[in-house]
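Before any comments, here is the structure.
Everything numeric in this text was worked out from a predicted model, so none of it was measured. Note that the numbering runs from 1 along the sequence shown for the chain.
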Amino acid sequence: MDTIFPLEQLAGFSGNIYEITVAASRRAFQMSKINDPELDKNSGKSVSVAARQLFCGDVNYRIESKLD
């Protein structure tokens, strides 16, 4: 079984850690709302699953700029 949280990718991450943390939180919320079957496979650990998806590139995120 693969590790739930991608420690190697986290250690080598060179981007903005705040942005990816917010993205993982939002992805975890999405997965919880739709009862994603991936959560059942990983003991309901939505944040860990979301982080793995983001760090491994399975899910992408983008930063939206605010318009004044």
Completion exercise
Nearest heavy-atom contact between Val59 and Leu54 is O-CD2, 3.5 Å

Practice task
Treating Ile, Leu, Val, Met, Phe, Trp and Tyr as nodes and any side-chain heavy-atom pair under 4.5 angstrom as an edge, say whether Ile63 and Ile20 lie in one connected cluster.
Solution key: yes

Handout entry: Taking every non-hydrogen atom, the tightest pair across Ala28 and Ala50
Key = N-CB, 3.7 Å

Practice task
May I ask you to test the Glu19-Tyr61 pair for a side-chain heavy-atom distance under 4.5 Å?
Solution key: yes

Problem - Heavy-atom side-chain contact between Lys45 and Leu39 under 4.5 Å - result: no

Problem - All side chain to side chain contact (heavy atoms under 4.5 Å, CB included) counterparts of Gln30, not counting sequence neighbours - result: Arg27

Fill in the blank from the handout: Sorted by chain and residue number, the side chain to side chain contact (heavy atoms under 4.5 Å, CB included) partners of Ile34 (sequence neighbours excluded) come out as Asp36

Handout entry: Glu38 and Arg52: CA distance, side-chain angles, deciding distance, salt bridge (Lys or Arg N to Asp or Glu O under 4.0 Å) verdict
Key = CA-CA 11 Å; Glu38 192 72 22; Arg52 184 183 70 227; 2.9 Å; yes

Handout entry: Residues, nucleotides or ligands: over 12 heavy atoms within 6.0 Å of Phe29 CZ
Key = no

Practice task
Working to the nearest 0.5 Å, report the span between OG of Ser48 and CD of Gln53.
Solution key: 11.0 Å

